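Working notes, structure below.
Remember, predicted model here, so these are calculated numbers, not experimental data.
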Amino acid sequence: MKNRITVLVAFCLLLCTAAKAQQTVKLYSGKAPGSENWTQKEAQMYSDLFKTEVVYNVTNPSLLVYQVPTGVKNTGTAIVIAPGGGFQSLSIDREGKELAEILNKKGITAFVLKYRLNKTQSNDPAREMMEKLKDRAAFEKSSLATIKLAAEDGKNALKYVRDNASKYGIDTKKVGIIGFSAGSTVAMETVLENSVDQLPDFVANIYGGPRPELLTVATPLKKIPMFLCAASDDQLKLAPRSIQMYNKWLEAGQSVELHMYSKGGHGFGTGKQNLPVDSWETRFEEWLTLQGFLN
């Protein structure tokens with residue numbers, strides 16, 4: 001019995017240590033520029049529709065920092081993770097924290113980005129978003145102002161990582177960003193509409209739906225390898241945008257890799273469905289190794 005208690009105490013201490021390793025960093029001192037008058041309060045809930053935790057009404061953008069654990073070799077690579085949620089919420093676990101923990105084990109410092117979102121009028125942001133998506137063109141148009149603010153949050157996240165690289169043991173030439181669904185718009189804004197000195201070193205889009213206008217923006221001269229992954233049976237019918245972005249990168253002579261699964265739907269993230277799409281994280285790891293970011 002004594003041994004069992006000792007083991008239990010040790011396990012609890014391990015969990016506490018892991019929790020303390022996570023930090024929250026505010027991206028702006030004071031109120032974020034452009035949304036100073038926003039009064040909504042950030043909140044979190046479990047979404048029955050998404051089957052995961054979601055964060056909504058974000059007004060003060062921040063980064064959840066996951067440092068490489070003790071005992072794991074630090075590769076010097078850092079990744080900013082932009083969860084999706086249609087700019088109405090953030091799938092904070094399945095498209096954020098869980099991936100951060102996976103990357104940590106590979107020696108990557110991960111930063112989960114909580115970027116600014118549309119104001120939620122109900123207590124169910126996921127269902128509210130799905131209702132608005134019935135007229136996608138109108139929803140995307142009405143969300144443009146918020147998207148621009150979220151894009152600034154993405155750019156400032158990359159700047160923070162590089163400015164604090166020595167603090168986390170990061171190589172400033174190995175800083176990338178990955179976006180899920182709406183988060184891919186945030187990610188691609190940092191690639192296609194950003195200052196040259198703040199461009200990421202690599203980018204990944206998971207069932208991304210970057211706003212159509214981004215497809216017309218010229219690719220940067222800097223070589224930025226891209227990883228894309230989606231499912232053909234995406235309920236939001238966003239798979240074609242991944243193919244369009246793949247073609248855009250290929251035609252520009254940029255390094256690009258695309259994985260299009262026949263089944264998987266939209267929003268699979270780190271969830272498991274007993275389908276081949278469950279292995280996308282392994283494909284991503286292989287790609288990072290090939291590109292020299294896990295060496």
Side-chain angles (χ1 to χ4, degrees), residues 13-33 42 55 58-83 90 92-93 95-116 149-180 183 186-187 189-191 194-204 222-225 227 270 281 284-285 287-289 291-295:
L13 288 173
L14 179 62
L15 289 178
C16 291
T17 301
K20 289 180 181 178
Q22 181 183 338
Q23 302 169 287
T24 299
V25 175
K26 299 296 182 183
L27 283 179
Y28 305 94
S29 58
K31 293 188 175 182
E42 181 178 316
V55 170
V58 175
T59 60
N60 295 306
S62 62
L63 288 171
L64 303 180
V65 186
Y66 289 79
Q67 294 180 253
V68 177
T70 302
V72 176
K73 184 178 180 181
N74 190 338
T75 63
T77 296
I79 299 181
V80 173
I81 304 171
L90 300 174
I92 200 68
D93 286 353
E95 298 173 0
K97 296 178 181 179
E98 292 175 8
L99 178 61
E101 292 169 358
I102 291 170
L103 294 173
N104 271 178
K105 295 175 183 177
K106 304 300 178 182
I108 295 173
T109 306
F111 299 81
V112 179
L113 173 60
K114 293 166 72 175
Y115 54 86
R116 280 172 282 186
L149 295 177
E152 289 304 309
D153 300 338
K155 296 169 188 176
N156 276 286
L158 289 175
K159 186 177 186 303
Y160 172 83
V161 172
R162 286 208 175 94
D163 287 349
N164 293 273
S166 60
K167 177 180 178 180
Y168 301 110
I170 293 168
D171 184 337
T172 55
K173 295 182 179 179
K174 298 171 71 175
V175 178
I177 186 167
I178 180 172
F180 293 80
V186 176
E189 289 271 1
T190 72
V191 176
N194 201 358
S195 59
V196 175
D197 61 324
Q198 288 300 331
L199 291 172
D201 299 302
F202 61 92
V203 62
K222 176 181 177 178
K223 295 299 182 182
I224 304 177
F227 177 93
T270 53
E281 298 150 23
F284 183 49
E285 178 188 341
W287 178 82
L288 286 169
T289 301
Q291 298 295 333
F293 295 113
L294 279 185
N295 297 339

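- Applying the salt bridge (charged side-chain N to carboxylate O under 4.0 Å, His left out) test to every pair with at least one member in residues 97-107, sequence neighbours left out, gives these pairs: Lys106-Glu285.
- Side-chain contact check for Ile178 versus Leu99: some heavy-atom pair is nearer than 4.5 Å.
- Judged purely by atom type and a 3.5 angstrom limit, Asp153 uses its side chain to pair as donor or acceptor with the backbone of Arg116.
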task: Evaluate the side-chain contact (heavy atoms from CB on, under 4.5 Å) criterion for residues Phe111 and Thr109: first the C-alpha distance (whole Å), next the side-chain angles of each, then the deciding distance (0.1 Å), finally the verdict.
output: CA-CA 7 Å; Phe111 299 81; Thr109 306; 3.5 Å; yes

What donor-acceptor contacts under 3.5 angstrom involve side-chain atoms of residues 71-83, with partners at least two apart or in another chain?
unit_1: Asn74; atom_1: OD1; unit_2: Gly76; atom_2: N; d: 2.7
unit_1: Asn74; atom_1: ND2; unit_2: Tyr168; atom_2: O; d: 3.3
unit_1: Asn74; atom_1: ND2; unit_2: Gly169; atom_2: O; d: 3.3
unit_1: Thr75; atom_1: OG1; unit_2: Thr77; atom_2: N; d: 3.2
unit_1: Thr75; atom_1: OG1; unit_2: Gly107; atom_2: O; d: 2.8
unit_1: Thr77; atom_1: OG1; unit_2: Phe293; atom_2: O; d: 2.5

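- When all heavy atoms of Val186 and Ala150 are compared, the closest pair comes out as CG1-O, 3.7 Å.
- Atoms OG1 and CG, from Thr190 and Leu158 in turn, are 5.0 Å apart once rounded to the nearest 0.5 Å.
- Minimum interatomic distance between Val175 and Val161 (heavy atoms only, all atoms of both residues): CG1-CG1, 3.9 Å.
- The shortest heavy-atom contact between Ala204 and Phe284 is CB-CE1, 3.8 Å.
- Remark: Ser29 pairs with no residue by the side-chain contact (heavy atoms from CB on, under 4.5 Å) rule, at least two apart or across chains.
- Not counting sequence neighbours, Lys174 has no partner by the side-chain hydrogen bond (donor to acceptor under 3.5 Å, both in side chains) test.
- Shortest non-hydrogen contact noted between Leu63 and Ala157 is CD2-CB, 3.9 Å.
- Listed by chain and residue number, Lys114 satisfy the side-chain hydrogen bond (donor to acceptor under 3.5 Å, both in side chains) test with Glu42 (two or more places apart in sequence, or in another chain).
- Contact between Val203 and Ala187 at its shortest, heavy atoms only, is CG2-CB, 4.2 Å.
- The shortest heavy-atom contact between Pro200 and Lys222 is O-NZ, 3.3 Å.
- Atom CD of residue Glu189 and atom CD1 of residue Ile177 lie 10.5 Å apart, to the nearest 0.5 angstrom.
- When Ile102, Ile108, Val112, Leu103 are each tested for a side-chain contact (heavy atoms from CB on, under 4.5 Å) with Tyr66, only one passes: Val112.
- Classified by interplanar angle (parallel below 30°, tilted 30° to 60°, perpendicular above 60°), the ring pair Phe202/Trp287 is perpendicular.
- Listed by first and then second residue, the salt bridge (charged side-chain N to carboxylate O under 4.0 Å, His left out) pairs that reach into residues 156-170 are Lys159-Asp163, Arg162-Asp201, sequence neighbours excluded.
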